[in-house]
Amino acid sequence: MTLSVKQVTIKSDGDMFHETFRYRPHHISKMRPDNIKGVELHDGERGNVGSIFVWSHVSLNGKLKVAKEVIEAIDEEKRLARFKVIGGHILEAYKTFSITLHVETRGDESLVTWTFYYEKLNDQTV
């Protein structure tokens, strides 16, 4: 299993950022219309572990792609959510692919940490 971590400092409320990904991921397409074309609830209830969402997004090569993910875990106190990809084009290249989103407030800013856990299907996967 490979691990990749990306951190971004944002100048918005960390609670609101966390809640958007947990309860209102469909709003992300309004925030990033160039990349995210839509997020639909497929099964379950927004914000609950076990809920499944289907993301329509533009890939790095400009093609419209779809990814299906399930909410695996939520920790409100730590403002952490973990998602696992369970369908779509990502699994054409990866055996497993999970994302953990963690938000920490630091004064007027928030630090967002994206941790990607994945296992490639083969060595040709970028």
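For this chain, numbers begin at 1 and follow the sequence in order. Side chains included, hydrogens not; waters and symmetry mates left out as well; all remaining heavy atoms used.
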Open item on the list: I'd like to check Thr115 versus Thr113 (side-chain heavy atoms, cut-off strictly below 4.5 Å). Are they in contact?
Closed with: yes
Task: Ser51 backbone acceptor or donor facing Asn48 side chain under 3.5 Å - done: no
Task: Ser59 (side chain) donor-acceptor with Lys63 (main chain) under 3.5 angstrom - done: yes
- [ ] Report yes or no: do Leu101 and Ile90 belong to one cluster of Ile/Leu/Val/Met/Phe/Trp/Tyr joined by side chain heavy-atom distances under 4.5 Å?
- [x] yes
TODO: Over all heavy atoms of both residues, which pair between Val49 and Glu72 is shortest? Give the atoms and the distance, please.
DONE: CG1-O, 3.4 Å
Task: Worked check of side-chain contact (heavy atoms from CB on, under 4.5 Å) between Ile74 and Arg22 - done: CA-CA 8 Å; Ile74 296 171; Arg22 179 175 178 184; 3.2 Å; yes
Open item on the list: So does Val66 get a backbone contact from the side chain of His89, meaning a donor-acceptor N/O pair under 3.5 Å?
Closed with: yes
Task: Separation of Asp13 CG from His18 NE2 (nearest 0.5 Å) - done: 11.5 Å
Open item on the list: To the nearest 0.5 Å, what is the distance between OG on Ser4 and OH on Tyr118?
Closed with: 5.0 Å
TODO: Measure from the side-chain N and O atoms of His102 to the backbone N and O of Lys78, and report whether any donor-acceptor pair falls under 3.5 Å.
DONE: yes
TODO: Quick one: pull up NZ in Lys68 and CD1 in Ile52 and give me the separation to the nearest 0.5 Å.
DONE: 6.5 Å
Open item on the list: With a 4.5 Å cut-off on side-chain heavy atoms, are Trp114 and Ile99 touching?
Closed with: yes
Task: Atom pair CZ/CD of Arg106 and Glu109 - distance to nearest 0.5 Å - done: 9.5 Å
Open item on the list: Around atom CD of Glu40, are there more than 12 heavy atoms from other residues, nucleotides or ligands closer than 6.0 Å?
Closed with: no
Open item on the list: If hydrophobic clusters are built by linking Ile, Leu, Val, Met, Phe, Trp and Tyr wherever their side-chain heavy atoms come under 4.5 Å apart, do Val58 and Leu60 end up in the same one?
Closed with: no
- [ ] On the 0 to 90° scale, with breaks at 30° and 60°, tag the Phe17-Phe21 ring pair as parallel, tilted or perpendicular.
- [x] tilted
Task: Sidechain-backbone polar pair: Ser110 side chain, Ser12 backbone, donor-acceptor under 3.5 Å - done: yes
Task: Shortest non-hydrogen contact between Thr20 and Met31, atoms and distance - done: CG2-SD, 4.1 Å
Open item on the list: Please evaluate residues Phe97 and Glu119 with respect to the criterion side-chain contact (heavy atoms from CB on, under 4.5 Å), reporting the C-alpha separation (whole Å), side-chain torsions for both, the decisive distance (0.1 Å), and the verdict.
Closed with: CA-CA 7 Å; Phe97 198 98; Glu119 185 178 352; over 6 Å; no
- [ ] Identify whether Met16 and Leu111 are in the same connected component of the hydrophobic contact network (ILVMFWY, side-chain heavy atoms under 4.5 Å).
- [x] no
Task: Lys84 NZ: over 12 foreign heavy atoms closer than 6.0 Å - done: no
TODO: Mind listing the closest non-hydrogen atom pair of Val39 and His26 along with its distance?
DONE: O-CB, 3.4 Å
- [ ] Determine, stepwise, if the pair Ile71 / Arg82 fulfils side-chain contact (heavy atoms from CB on, under 4.5 Å).
- [x] CA-CA 6 Å; Ile71 300 175; Arg82 187 173 65 239; over 6 Å; no
Task: Greater than 12 external heavy atoms within 6.0 Å of Leu64's CG - done: yes
Task: Contact summary for Arg46 and Tyr23, nearest pair of heavy atoms - done: CD-O, 3.0 Å
TODO: Heavy atoms only: give me the nearest Ala67-His57 pair and the separation to one decimal.
DONE: CB-NE2, 4.3 Å
- [ ] Measure the shortest side-chain to side-chain distance between Phe53 and Val70 over non-hydrogen atoms and say whether it is less than 4.5 angstrom.
- [x] no
Task: Flag if over 12 foreign heavy atoms under 6.0 Å of CG, Asn61 - done: yes
TODO: Starting at CD of Glu77, measure out to CG of Asp75 and round the result to the nearest 0.5 Å.
DONE: 6.5 Å
Open item on the list: Please determine whether a side-chain nitrogen of the Lys or Arg among Asp15 and Arg79 lies less than 4.0 Å from a carboxylate oxygen of the Asp or Glu.
Closed with: yes
TODO: Kindly work out whether a path of hydrophobic side-chain contacts (I/L/V/M/F/W/Y, heavy atoms less than 4.5 Å apart) joins Val8 to Ile36.
DONE: yes
Open item on the list: Apply side-chain contact (heavy atoms from CB on, under 4.5 Å) to residues Tyr117 and Thr96 and explain how you reach the verdict.
Closed with: CA-CA 8 Å; Tyr117 307 88; Thr96 61; over 6 Å; no
Task: Within 6.0 Å of CG in Asp108, more than 12 heavy atoms from elsewhere - done: no
Open item on the list: Using the rule given for ring pair (Phe, Tyr, Trp, His ring centres under 6.0 Å), can you reason through Trp55 versus Phe83, listing the C-alpha separation, both sets of side-chain angles and the distance that settles it, and then say yes or no?
Closed with: CA-CA 12 Å; Trp55 293 68; Phe83 309 93; 7.7 Å; no
TODO: Check Leu91 against Ile86 and note the closest heavy-atom contact, atom names and distance.
DONE: CD1-C, 3.4 Å
